[in-house]
Amino acid sequence: FFSVWGTPSMAFAIIFSVVISASVIAYIIYLFIRDHKILSQGTDVRAVVEDVRYVSSNDGGTTTLRYRLSWVQGDVTKQVEGKETIPALYASKVQKGCEVNIKYLDDDHILFVFDK
């Protein structure tokens, strides 16, 4: 076994690299499936931004924020909290008191929808 892979530490490094790479690919696939499910099965909602805190931004052009949204659903006011990474271009549209469009599947599955 080690004659093909080299030393035990080399074999460990190769196996570790393969496991990490597979994990990253699996997570990206999970995100695509999650987003597709929200977009295809979610409900269009116009929500009010009750609170927003900017957590971070990066050079890749995205901003991560924590939010609390609310909207009226029937006779009940629905409130959800979460964390989302959005394009920095749209960060100014998510301000306290503003209305935003979202796709809502459940409290853990929400996507912000911005007009292109």
Side-chain angles (χ1 to χ4, degrees):
F1 177 78
F2 292 121
S3 63
V4 175
W5 295 88
T7 66
S9 61
M10 180 69 136
F12 175 77
I14 292 170
I15 292 170
F16 183 75
S17 297
V18 169
V19 169
I20 292 297
S21 298
S23 298
V24 168
I25 291 169
Y27 182 68
I28 291 170
I29 291 170
Y30 162 77
L31 290 177
F32 275 107
I33 291 170
R34 180 198 72 167
D35 288 354
H36 176 73
K37 186 175 180 181
I38 295 169
L39 289 171
S40 65
Q41 299 175 13
T43 305
D44 293 317
V45 174
R46 185 96 171 138
V48 175
V49 179
E50 298 290 335
D51 188 36
V52 66
R53 288 170 294 187
Y54 294 91
V55 176
S56 66
S57 61
N58 66 27
D59 293 337
T62 62
T63 300
T64 301
L65 48 91
R66 287 203 160 280
Y67 61 84
R68 186 175 68 242
L69 306 174
S70 69
W71 66 93
V72 176
Q73 190 172 352
D75 295 335
V76 178
T77 299
K78 180 82 175 153
Q79 270 196 345
V80 294
E81 293 185 19
K83 180 175 142 183
E84 186 70 45
T85 300
I86 62 171
L89 174 68
Y90 300 119
S92 64
K93 295 184 178 194
V94 184
Q95 301 285 330
K96 186 175 181 176
C98 291
E99 290 187 347
V100 293
N101 294 318
I102 62 170
K103 277 282 196 179
Y104 176 81
L105 186 58
D106 58 44
D107 289 358
D108 297 320
H109 296 91
I110 297 169
L111 283 179
F112 285 87
V113 179
F114 300 103
D115 297 327
K116 303 269 182 201

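Treat the numbers as computed from the prediction; the structure is a model and nothing was measured. Because only heavy atoms are used, hydrogens play no part in the values below, and waters and symmetry mates are left out as well, while side chains stay in.
Ring-plane geometry between Phe114 and Tyr90 is classed as parallel, the angle between the planes falling under 30 degrees on a 0 to 90 degree scale with a further cut at 60.
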(message) Apply salt bridge (Lys or Arg N to Asp or Glu O under 4.0 Å) to residues Arg66 and Asp51 and explain how you reach the verdict.
(response) CA-CA 8 Å; Arg66 287 203 160 280; Asp51 188 36; over 6 Å; no
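Pairing each heavy atom of Leu111 with each of Arg34, the nearest pair is CD2-NH2, 4.5 Å. The two residues Val52 and Val94 come nearest to each other via the heavy atoms CG1-O, 3.7 Å. Contact detail for Ala91 and Tyr54: the closest heavy-atom pair is O-OH, 2.9 Å. The heavy-atom pair separating Lys93 from Val100 by the smallest distance is O-CG1, 3.6 Å. Taking each heavy atom of Lys103 and Leu39 in turn, the nearest pair found is NZ-O, 3.5 Å.
In the hydrophobic clustering of this structure, Ile33 groups with Ile25; members are Ile, Leu, Val, Met, Phe, Trp, Tyr whose side-chain heavy atoms approach within less than 4.5 Å, directly or through other members. Following chains of ILVMFWY side-chain contacts shorter than 4.5 Å, one can reach Val45 starting from Ile110, so the two form part of one hydrophobic cluster. The hydrophobic cluster containing Tyr67 does not contain Val55, counting ILVMFWY residues as joined when their side-chain heavy atoms lie under 4.5 angstrom apart, directly or transitively.
For the salt bridge (Lys or Arg N to Asp or Glu O under 4.0 Å) test, no residue two or more places apart in sequence or in another chain qualifies with Arg68.
Between the CD atom in Gln73 and the CD atom in Gln79 there is a gap of 13.0 Å [rounded to 0.5 Å]. Taken to the nearest 0.5 Å, the OG atom of Ser9 stands 9.5 Å off from the CD1 atom of Ile14.
Under a cut-off of 6.0 angstrom, the local environment of NZ in Lys78 is crowded, with over 12 non-hydrogen atoms contributed by other residues, nucleotides or ligands.
Residues Asp106 and His109 have side chains in contact (heavy-atom distance under 4.5 Å, counting atoms from C-beta outward). Here the side chains of Val49 and Leu69 are in contact, with some heavy-atom distance below 4.5 Å.
In summary, of the residues considered (Thr62, Leu65, Thr64), a side chain to side chain contact (heavy atoms under 4.5 Å, CB included) with Ile86 occurs for Leu65 alone.
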